[in-house]
Amino acid sequence: MSDLDQQHPLELDAPRFRVRKPQLRVDKQGALDDAARVTAALGGFVRDFSRATAAHMEACVHCGQCAQACHFYVTTRDPKYTPIWKLEPFKQAYSRQAGPFAWLFRTLNLKPEVTIEELEEWQELIYDSCTMCGRCTMICPMGIDIAGLVGLARHGMFQAGLVPHELWAVAERAKREGSPLGATAKVLKERIEWLADDHDVEIPLDRPHADVIVTLSSIEIMKYPQSIVAMAKVLNHAKASWTLRSEGYEATNFGMLSGNAEWQRESSMKMIQAAIACGAKTLVLPECGHAYGALRWQGANMYGKPLPFRVLHISEFLAENIRNGSIRLKQLGTSLTFHDPCQISRRGGATQAPREIIAALGAELREMPSTGDLNWCCGGGGGVVTIHRADDLRYRAFEIKMRQVEDTGAETLATSCANCRQTFDDGQAHFHWDKKMASLLELVADNLAV
Amino acid sequence: MDLLSFARGPALWASLAILLAGTVWRLWGIFRLAAKEDFSEPRSTRLIAGAWRAIVGGMIPKDEFRNSTTLATSNAYLYHVGLAVIVFGYLPHVYFIERLTGLSWPPLPAAVAYMAVAVTFVSLLIALMYRLTDPVLRLISSFDDYFSWFIVFLPLATGMAAINPPFPSGAAPQTPLAPVPVALHLLSVELLLIWLPFGKLAHSFLVFISRGMTGAECARKGART
């Protein structure tokens with residue numbers, strides 16, 4: 001368990017887990033001694049090394065351009081937020097232990113050994129100040145996948161018990177209860193009954209057979225339940241044979257975000273097995289960015305073979321059904337700007353789907369200056385929004401988004417990620433900003449042609 | 001054996017052997033690891049096209065980043081192109097490569113090569129100044145960065161010293177008019193060849209691998225590179 005349980009008790013009933021004193025500090029879990037933590041961190045980092053990750057570790061020319069792509073550097077001008085610097089102890093360890101000249105580096109002590117103090121210092125850089133948005137890869141002249149390497153570094157940090165406490169706690173709760181925010185199967189069932197009654201909409205749960213299995217984000221279940229209604233409305237409108245399944249509905253994957261590969265696999269397997277159990281041909285992921293990366297691009301690798309069904313983000317499902325005429329929409333007649341969730345657009349490749357939907361809604365799309373695959377992250381991805389001590393930093397990064405949105409002059413602001421939406425809502429409250437983030441799915445559901 | 005014979009003979013061959021062995025060893029360090037099998041359903045299977053798109057496209061800065069990177073990128077272009085012009089376009093170098101490989105091509109006019117020397121010289125100094133003064137670069141720079149800079153700058157400096165007296169055009173003399181500066185120049189180039197596979201200068205071949213792998217991965221996902 002975490003040492004913070006004693007030092008800084010968690011407020012488990014707060015909308016977000018809170019630590020009463022969220023100042024900069026180092027969080028530790030478990031009872032490993034310092035040497036064991038260092039060994040675990042570096043071992044966890046290189047354990048999943050592949051040819052591509054080695055190529056990326058070897059390639060950096062220290063040009064520093066990645067800093068200019070990072071919202072945390074650009075808004076603070078603090079060099080420590082340079083993306084490649086966030087990997088420094090791990091680069092050091094790679095050179096000494098796993099690189100082609102490791103024996104030379106060790107014999108001549110060309111790179112010092114990584115210390116526990118360094119890892120503690122880097123906790124902030126690996127977690128609080130990296131949303132794994134991957135914008136740095138787009139500027140890197142060597143094409144280094146820094147976000148992917150940060151993901152591996154998180155594996156090491158988790159093994160070492162060096163995870164920011166709130167992120168560790170939500171990941172642990174997801175492992176224990178099946179949902180990071182307490183959206184257990186019982187809670188889901190109650191919510192669905194209440195929503196179906198209140199909105200007079202059919203929300204099928206645990207149908208034995210269905211062509212489409214729908215998954216949800218616990219942020220939607222607990223904070224934006226109207227999204228569940230919207231999901232049901234569009235699927236019913238499209239006359240889809242669909243269901244939610246209580247054994248595999250939770251799409252968020254805090255195992256992945258915190259760095260626990262085993263918990264990541266467990267979360268993914270629940271959805272995979274639920275889809276197989278009901279014979280689904282398509283699994284629809286909710287408006288959640290990292291859920292898309294976790295299942296669309298990593299799910300089959302967790303399963304160990306190709307998945308026997310398609311995985312679509314809800315925006316892809318909507319675009320496909322608009323294209324084939326199953327979903328017909330009324331014209332929105334407003335101007336709209338769209339915030340791309342990084343894991344769906346830049347790192348997921350589904351950049352055009354929301355734009356097709358917006359065109360079908362007849363909205364005037366006003367793109368932000370750096371958009372689509374090169375969008376600026378909202379600052380809350382990668383689990384950062386859960387880490388309270390990172391709030392000030394995240395708010396600074398969020399200022400970029402506020403400026404961009406304001407500059408478009410669009411009447412409506414929409415996205416297709418509940419985590420981005422939550423980050424925007426939090427930023428809106430913090431800055432007393434008069435813009436409200438809308439869900440693209442809900443816009444579609446509200447404008448279905450009868 | 002005089003210094004020039006040493007530089008043209010054993011030192012040259014030894015440096016080329018180290019360059020080759022070091023390159024192979026460094027590449028082995030990457031390719032000995034398994035490529036992870038990816039079972040996800042690809043959006044596109046044109047991975048090689050994606051790799052090439054990233055390799056070639058990576059040479060052109062994206063519009064979205066132009067404001068912040070124009071100076072550094074332009075300067076990097078200057079010394080990369082400048083070095084290429086000097087190495088492959090200057091008459092004595094063409095003769096040198098011909099002696100070594102049997103391949104030759106028409107050299108560029110000497111004035112162009114001298115202009116490239118001047119531009120590269122200034123450009124490398126700007127790169128160093130930038131590294132020493134920019135807070136990001138100062139933080140992330142290591143011995144490799146400064147030593148690699150020195151190793152690239154040294155042949156340029158020794159080469160400039162070897163230019164005088166000017167190389168007579170039209171024929172390649174067996175013995176240069178100034179053998180010691182030429183020998184020192186050769187030795188400095190050989191030092192570069194020896195260091196190249198071990199430090200960041202290895203980006204000359206690693207760039208194809210890292211950009212290519214990212215390009216292939218993005219193509220698989222249907223994402224832009």
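Below, chains carry the letters A, B, ... as their sequence lines are ordered, and counting in each starts from 1.
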> How close do B/R211 and A/G143 get, heavy atom to heavy atom, and via which atoms?
Replying inline: CG-N, 4.1 Å

> What part of B/S141 lies closer than 4.5 angstrom to a heavy atom of chain A: side chain, backbone, both or neither?
Replying inline: backbone

>> Quick check: closest heavy atoms across B/S40 and A/A300, and the distance to 0.1 Å?
In response: N-CB, 3.7 Å

>> Set out, in order, the CA-CA distance, both residues' side-chain angles and the distance that settles side-chain contact (heavy atoms from CB on, under 4.5 Å) for B/E64 and A/M138, then state yes or no.
In response: CA-CA 10 Å; B/E64 287 83 350; A/M138 305 299 280; over 6 Å; no

> What's the verdict on side-chain contact (heavy atoms from CB on, under 4.5 Å) for A/R346 and B/R224, showing C-alpha distance, side-chain angles and the deciding distance?
Replying inline: CA-CA 7 Å; A/R346 176 165 44 249; B/R224 178 181 166 187; over 6 Å; no

>> Any carboxylate oxygen within less than 4.0 angstrom of a Lys/Arg side-chain nitrogen, looking at B/R43 and A/E316?
In response: yes

> Can you tell me how far CG of B/L139 sits from CD1 of A/I84, rounded to the nearest 0.5 angstrom?
Replying inline: 12.0 Å

> Of the backbone (N, CA, C, O) and the side chain (C-beta and beyond), which part of B/E37 lies under 4.5 Å from a heavy atom of chain A, both, or neither?
Replying inline: backbone

> Below 4.5 Å, heavy atoms only, C-beta onward: do A/Q65 and B/F65 meet side chain to side chain?
Replying inline: no

> Considering residues, nucleotides and ligands other than A/L108, do more than 12 of their heavy atoms fall under 6.0 Å from its CG?
Replying inline: yes

> Mind checking whether B/E217 and A/D145 have side chains closer than 4.5 Å, heavy atoms only?
Replying inline: no

> Taking every heavy-atom pair that is under 4.5 Å apart, which of A/H62, A/E88, A/R296, A/K305 has the most such pairs with chain B?
Replying inline: A/H62

>> Quick check: closest heavy atoms across A/V61 and B/K200, and the distance to 0.1 Å?
In response: O-NZ, 2.8 Å

> What do the steps show when you test A/W85 against B/V136 for side-chain contact (heavy atoms from CB on, under 4.5 Å), and what is the final call?
Replying inline: CA-CA 9 Å; A/W85 183 249; B/V136 166; over 6 Å; no

> How far apart are the C-alpha atoms of A/F49 and B/K36, what are their side-chain angles, what is the distance that settles it, and do they pass the side-chain contact (heavy atoms from CB on, under 4.5 Å) test?
Replying inline: CA-CA 9 Å; A/F49 248 56; B/K36 267 201 177 152; over 6 Å; no

>> Between B/W28 and chain A, with a heavy-atom cut-off of 4.5 Å, which part of the residue counts as in contact: side chain, backbone, both or neither?
In response: neither

> Which pair of heavy atoms, one from B/L206 and one from A/M142, lies closest together, and at what distance?
Replying inline: C-CE, 4.0 Å

> What's the shortest heavy-atom distance between B/G29 and A/P100, and which atoms?
Replying inline: CA-CB, 3.8 Å

> Does any heavy atom of chain A fall under 4.5 Å from the side chain of B/L137, the backbone, both, or neither of them?
Replying inline: side chain

>> Looking at every heavy atom in both B/S210 and A/A55, which two are closest together, and how far apart are they?
In response: CB-O, 4.2 Å

> Heavy-atom count around A/M269 CE within 6.0 Å, excluding the residue itself: above 12?
Replying inline: yes

> Less than 4.5 Å apart, any side-chain heavy atom of B/R32 and any of A/R51?
Replying inline: no

>> Counting heavy-atom pairs closer than 4.5 Å to chain B, which one of A/S370, A/A59, A/P141 comes out on top?
In response: A/P141

> Where does B/S44 contact chain A at under 4.5 Å (heavy atoms): side chain, backbone, both or neither?
Replying inline: neither

> So which of B/D38, B/D63, B/L27 has the biggest tally of heavy-atom pairs under 4.5 Å with chain A?
Replying inline: B/D38

> So which of A/D373, A/T137, A/V311, A/V74 has the largest heavy-atom pair count under 4.5 angstrom toward chain B?
Replying inline: A/D373

>> For chain A, which candidate among B/A216, B/A127, B/A35 shows the most heavy-atom pairs at distances under 4.5 Å?
In response: B/A35

> So does A/W103 have more than 12 non-hydrogen atoms from other groups sitting under 6.0 Å from CH2?
Replying inline: no

> Side chain, backbone, both or neither: which part of B/R138 has a non-hydrogen atom closer than 4.5 Å to chain A?
Replying inline: neither

> Charged N to carboxylate O under 4.0 angstrom, A/R310 versus B/E41?
Replying inline: no

>> Taking CZ in B/F147 as the centre, count heavy atoms belonging to other residues, nucleotides or ligands within less than 6.0 Å. Is the count above 12?
In response: yes

> Do B/F39 and A/Y303 have ring centres separated by under 6.0 Å?
Replying inline: no

>> Please determine whether the number of non-hydrogen atoms from other residues, nucleotides or ligands lying under 6.0 Å from atom CD1 of B/I48 exceeds 12.
In response: no

>> In the structure I gave you, are the side-chain heavy atoms of A/I144 and B/T214 within less than 4.5 Å of one another anywhere?
In response: no

> Using non-hydrogen atoms only, which part of B/S148 is less than 4.5 Å away from chain A: side chain, backbone, both, or neither?
Replying inline: neither

>> Taking atom CH2 as the centre, does B/W149 end up with more than 12 heavy-atom neighbours from other residues, nucleotides or ligands that are less than 6.0 angstrom away?
In response: yes

> Contact part of B/F208 toward chain A, heavy-atom cut-off under 4.5 Å: side chain, backbone, both or neither?
Replying inline: neither

